[in-house]
Amino acid sequence: MLLEYDGKISADIIREKTETIPLKIVSNNKNSPNKLIHGENINVMKTLLDNYEMNGKVDLVYIDPPFSTKNVFKIGDSRANTISSSHSDQLAYSDSLTGSEFIEFLRERLILIYDLMSKKGSIYLHIDYKIGHYVKIIMDEIFGYDNFRNDITRIKCNPKNFKRKSYGNIKDMILFYTKSKKYTWNDPRVPFSKKDIERLFKKVDENGRRYTTVPLHAPGETRDGPTGQKWKGMYPPKGRHWRSNPVELDKLDKEGLVEWSKNGVPRKKIYAEDKIAEGKLVQDIWEYKDSQIPSYPTEKNLDLLKMIISASSNPGDLVLDSFCGSGTTLVASQMLGRNWIGIDSSENAIRV
């Protein structure tokens, strides 16, 4: 499905019409692979593609573009202590584009981002709930519907008591896409909380160790193999098979890891202490609240960026943020041993 609107032009024309520019790289070390670039991102990216042979070199992209809010953001609005008073109330950026004009602005940049991305690359696009559903259709068009991975809900703030005829908004969204099916994924985990452990491991053994149980059988008929044969005088239920062959089930039983129900059904014990070390899988609702005194308007949570970078890149990979603002993506990349490129058109953003 394509989103049609006035002013939409072909991807080929976008690639042809975008001009290259001399790059203004802000850096104390010219030999570093890391680059902070001051300039209009679409022209900078075109230059990286045409003059720096960067096609297919970027392994992870995070962008937090304007949200089509009609707002003007100033440094003074952030109540920051890191910017001298001479720079307070200076323009950070203007979020003035709306409707189809905004969508095409973003689409043009996403097309060049696609060209920059490697086959193992991923992109996380942070966007407002009001415009995000339109942006998803554009990303389906550029990256492919099959390469859509997640619509992540990010809890951004505490509940507010605004008096309006609608529900309070405490979230925004992050659209996660990959360039192909062979993308970097490091299976991120987070620690179990005390409440998680009490909820998930409700049973307690004679030694005070928390545990839960799971069936020893799984769906699927395999009567001809060992997992379909008798164990302890019983077959697995109809339409199911043992999760392990009878020899392995005997080992579990000897280790005291099989619990028999009142009805004589065997179940495997899983202890909390064994799962705690692994951590729990990350789901698609994240709570990373933004700072109340940011150094730059709409500055994002550092731990949020560290989560994304850890999950979808490896040390030495190249991370791009073409709307880098205060540079949180770049800081997180540096801390985690990734190479990075940051682009922003605002002098105040570059200064921050």
Side-chain angles (χ1 to χ4, degrees), residues 1-21 39-50 55 58 61-73 91-117 121-154 156 164-167 169 171-180 284 297-298 300 320-325 343-346 349:
M1 181 175 65
L2 298 178
L3 188 64
E4 299 294 345
Y5 50 85
D6 292 339
K8 185 176 184 180
I9 59 178
S10 74
D12 288 341
I13 292 176
I14 290 168
R15 291 182 174 102
E16 290 171 9
K17 78 176 182 69
T18 304
E19 297 179 352
T20 60
I21 57 173
E40 178 54 50
N41 57 16
I42 191 166
N43 301 110
V44 172
M45 291 190 290
K46 175 67 170 175
T47 304
L48 292 174
L49 287 164
D50 288 3
N55 194 302
V58 173
V61 178
Y62 169 86
I63 56 173
D64 176 26
F67 283 7
S68 187
T69 62
K70 300 182 182 180
N71 291 331
V72 173
F73 295 90
L91 179 68
Y93 68 93
S94 178
D95 186 5
S96 58
L97 297 179
T98 59
S100 60
E101 192 177 5
F102 170 78
I103 292 295
E104 186 64 3
F105 162 88
L106 193 54
R107 176 175 166 269
E108 289 178 358
R109 285 149 181 80
L110 288 171
I111 286 168
L112 297 189
I113 285 172
Y114 179 89
D115 293 344
L116 286 164
M117 285 172 59
S122 300
I123 178 171
Y124 291 74
L125 189 150
H126 207 139
I127 198 68
D128 184 76
Y129 72 103
K130 292 181 180 178
I131 197 73
H133 302 91
Y134 298 98
V135 174
K136 184 188 183 300
I137 298 174
I138 291 297
M139 295 188 76
D140 284 345
E141 174 188 325
I142 296 168
F143 295 93
Y145 178 83
D146 291 341
N147 288 324
F148 169 67
R149 302 299 164 204
N150 283 104
D151 166 358
I152 299 161
T153 294
R154 198 275 299 228
K156 63 181 181 178
R164 60 184 183 184
K165 293 183 178 180
S166 63
Y167 301 105
N169 169 233
K171 67 172 179 62
D172 48 28
M173 62 193 296
I174 302 172
L175 296 168
F176 170 30
Y177 282 77
T178 60
K179 191 167 183 177
S180 72
D284 63 0
T298 70
K300 293 300 180 282
L320 169 68
D321 187 343
S322 55
F323 294 86
C324 69
I343 307 168
D344 209 287
S345 61
S346 166

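From a predicted model like this one, the values you see are computed outputs, not experimental measurements. One-based numbering along the sequence shown. Keep in mind that the numbers below use all heavy atoms, side chains included, and drop hydrogens, waters and symmetry copies.
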Around atom OH of Y145, are there more than 12 heavy atoms from other residues, nucleotides or ligands closer than 6.0 Å? no
Within a 6.0 Å radius of atom CZ on F105, are there more than 12 heavy atoms belonging to other residues, nucleotides or ligands? yes
Between atom [atom1] of [X] and atom [atom2] of [Y], what is the distance when rounded to the nearest 0.5 Å?
X	Y	atom1	atom2	result
I142	R109	CD1	CZ	12.0 Å
D284	F176	CG	CZ	12.0 Å
L106	F323	CG	CZ	6.0 Å
D12	I111	CG	CD1	9.0 Å
D128	K171	CG	NZ	8.0 Å
L49	T20	CG	OG1	11.0 Å

[X] side chain vs [Y] backbone, donor-acceptor pair below 3.5 Å:
X	Y	answer
K46	R15	yes
Y129	T153	no
T47	I21	yes
N43	E19	yes
K8	L3	yes
N150	I152	no

Close side-chain approach of [X] and [Y], heavy atoms under 4.5 Å:
X	Y	value
S345	N41	no
K156	H126	no
R107	Y5	yes
L110	L125	yes
D321	V61	no

Quick one, K136 with D140, criterion side-chain contact (heavy atoms from CB on, under 4.5 Å). Give me CA distance, side-chain angles, the key distance, then yes/no. CA-CA 6 Å; K136 184 188 183 300; D140 284 345; 3.0 Å; yes
So, for [X] and [Y], which heavy atoms are closest and what is the spacing to 0.1 Å?
X	Y	result
T178	S122	CG2-OG, 3.5 Å
D115	N55	O-OD1, 3.2 Å
G132	I127	CA-CG2, 3.6 Å
K179	N147	O-ND2, 3.3 Å
I63	S322	CG2-OG, 3.4 Å

For I9 and I14, run side-chain contact (heavy atoms from CB on, under 4.5 Å): C-alpha distance rounded to whole Å, both residues' side-chain angles, the deciding distance at 0.1 Å, then the answer. CA-CA 7 Å; I9 59 178; I14 290 168; 3.6 Å; yes
Are Y114 and F143 an aromatic pair by the rule of ring centers under 6.0 Å? yes
Steps toward side-chain contact (heavy atoms from CB on, under 4.5 Å) verdict (K17, E108): CA-CA 11 Å; K17 78 176 182 69; E108 289 178 358; 3.8 Å; yes
